[in-house]
Amino acid sequence: MAIAGNRGVEICDVSTRQKILSYPAPLLTQPQLSKVVTWSPDGNTIASAAAKDGHSLQFWNAHTGEPLHYFAGSKPDVAAWSPDDKMVAVGTASTPPQALDVQTGQVLLTCQTNLVSFGSSLFSSLHPHTISWSPDSAYIAVANDQAQVQIWNVAKQQLAYTYTEHRSLVSTVAWSPDGSRIASASYDNTVRVWQAV
């Protein structure tokens with residue numbers, strides 16, 4: 001299990017309840033707060049909000065803690081690895097969500113919407129599950145700031161569908177394992193299950 005927090009990212013063995021690895025390594029005198037952590041589908045790599053200023057995502061070996069590569073830019077508030085292991089979707093409270101190539105950082109899609117954020121303008125935060133990949137990695141579902149869920153086609157770089165049945169902000173979206181349906185939870189006190197694209 002990987003945990004992001006004010007000491008960076010820690011990996012714990014759930015069977016023994018022991019910490020087995022930290023990133024950045026404890027040798028760093030001032031590890032920075034990390035609000036984002038996501039495993040690669042094969043379990044060998046972790047992406048987390050980078051520990052250095054000017055770095056966006058840091059990719060590192062989940063078994064050894066060895067840094068692999070990083071993306072430059074501002075730190076994301078949300079990140080989700082695609083099931084095919086080739087892309088990562090990121091978002092912040094102030095910039096549109098994007099789908100990036102895991103190896104190069106190339107922007108493959110910029111969603112023309114804003115993620116839903118909670119709190120004041122100075123201390124806004126995002127729910128970690130406001131972005132979700134379809135099982136085939138062809139689409140991402142995004143909970144936006146208009147109480148909607150938008151479905152974006154990554155390859156075509158276009159909006160495929162907008163779900164508008166919620167009456168308040170949507171905090172969580174998730175695809176069914178077969179990709180046929182999406183579940184969305186909202187502050188209107190409902191969880192709705194609906195047909196995906």
Side-chain angles (χ1 to χ4, degrees), residues 2 4 33-41 47-49 56-57 71 73-102 105-197:
L33 173 67
S34 179
K35 298 186 291 184
V36 171
V37 60
T38 181
W39 290 85
S40 64
S48 60
S56 173
L57 279 181
F71 297 161
S74 58
K75 296 177 185 177
D77 296 305
V78 177
W81 212 304
S82 65
D84 68 2
D85 207 18
K86 297 178 180 179
M87 298 171 286
V88 62
V90 297
T92 74
S94 59
T95 59
Q98 294 181 318
L100 310 175
D101 182 287
V102 164
Q106 177 187 357
V107 177
L108 305 174
L109 167 71
T110 298
C111 303
Q112 300 303 314
T113 191
N114 294 311
L115 291 173
V116 58
S117 61
F118 303 86
S120 67
S121 58
L122 293 177
F123 300 102
S124 63
S125 62
L126 299 177
H127 283 284
H129 302 293
T130 49
I131 297 177
S132 179
W133 285 93
S134 63
D136 62 3
S137 301
Y139 300 91
I140 57 173
V142 175
N144 71 12
D145 58 0
Q146 302 296 314
Q148 302 170 342
V149 179
Q150 293 188 341
I151 310 301
W152 289 82
N153 184 307
V154 178
K156 294 182 178 180
Q157 298 185 329
Q158 67 184 25
L159 180 65
Y161 180 71
T162 301
Y163 183 77
T164 60
E165 295 301 313
H166 284 292
R167 297 295 173 256
S168 188
L169 298 177
V170 178
S171 60
T172 302
V173 291
W175 292 77
S176 63
D178 66 1
S180 65
R181 289 177 172 81
I182 292 175
S184 51
S186 167
Y187 279 84
D188 63 10
N189 297 318
T190 66
V191 175
R192 297 178 181 268
V193 179
W194 40 282
Q195 186 71 38
V197 291

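What you are looking at is a predicted structure, and each value in this text was computed from that prediction instead of being measured. This chain uses plain numbering: 1 for the first residue, then up along the sequence.
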Engineer: Heavy atoms, side chains only, cut-off 4.5 Å: are Thr162 and Gln150 in contact?
Structural biologist: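 Side chain of Thr162 against side chain of Gln150, heavy atoms only: contact under 4.5 Å found.
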Engineer: Step by step, work out the side chain to side chain contact (heavy atoms under 4.5 Å, CB included) result for Val90 and Ser56.
Structural biologist: CA-CA 10 Å; Val90 297; Ser56 173; 5.8 Å; no
Engineer: Using only atom types and a distance under 3.5 Å, with no angle test, would you say the side chain of Gln157 pairs donor to acceptor with the backbone of Leu108?
Structural biologist: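 Judged by distance alone, yes, a pair lies under 3.5 Å.
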Engineer: Testing Trp133, Trp175, Tyr161 for side chain to side chain contact (heavy atoms under 4.5 Å, CB included) with Tyr139, which one passes?
Structural biologist: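 Option passing the side chain to side chain contact (heavy atoms under 4.5 Å, CB included) with Tyr139: Trp175.
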Engineer: Specify the closest pair of heavy atoms between Pro177 and Pro135, including all atoms of both residues, with the distance to one decimal.
Structural biologist: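 Residues Pro177 and Pro135, closest heavy atoms: O-CG, 3.4 Å.
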Engineer: Going by side-chain contact (heavy atoms from CB on, under 4.5 Å), name the residues that satisfy it together with Gln112, two or more places apart in sequence or in a different chain.
Structural biologist: Thr110, Trp152
Engineer: What residues, two or more places apart in sequence or in another chain, satisfy side chain to side chain donor-acceptor pair (under 3.5 Å) together with Ser184?
Structural biologist: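 Scan of Ser184 (side chain to side chain donor-acceptor pair (under 3.5 Å), adjacent residues dropped) gives His166, Trp194.
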Engineer: Taking side-chain contact (heavy atoms from CB on, under 4.5 Å) as the test, write out the residues that go with Lys156, two or more places apart.
Structural biologist: Asn153, Gln158
Engineer: Would Ser137 and Met87 satisfy side chain to side chain contact (heavy atoms under 4.5 Å, CB included), going step by step from the backbone distance to the final call?
Structural biologist: CA-CA 8 Å; Ser137 301; Met87 298 171 286; 4.1 Å; yes
Engineer: Taking only residues two or more places apart in sequence or in another chain, which ones pass side chain to side chain donor-acceptor pair (under 3.5 Å) with Asn144?
Structural biologist: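 Asn144: side chain to side chain donor-acceptor pair (under 3.5 Å) contacts with Thr113, Gln148.
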Engineer: Applying side chain to side chain donor-acceptor pair (under 3.5 Å), name anything that partners Ser168, two or more places apart in sequence or on another chain.
Structural biologist: none
Engineer: Holding to side-chain contact (heavy atoms from CB on, under 4.5 Å), I want the full list of residues that pass it with Asp178, two or more places apart in sequence or in another chain.
Structural biologist: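 Asp178 satisfies side-chain contact (heavy atoms from CB on, under 4.5 Å) with Ser176, Ser180 only.
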Engineer: Let me know which of Asp188, Thr190, Val149 forms a side chain to side chain contact (heavy atoms under 4.5 Å, CB included) with Val170.
Structural biologist: Val149
Engineer: Please list, chain by chain and in numerical order, all residues satisfying ring pair (Phe, Tyr, Trp, His ring centres under 6.0 Å) with Trp81, sequence neighbours excluded.
Structural biologist: Phe59
Engineer: Under the rule for side chain to side chain donor-acceptor pair (under 3.5 Å), what residues qualify as partners of Ser134, not counting sequence neighbours?
Structural biologist: Asp136
Engineer: If I take atom CG from residue Leu115 and atom CG from residue Asp77, how far apart are they, to the nearest 0.5 angstrom?
Structural biologist: 8.5 Å
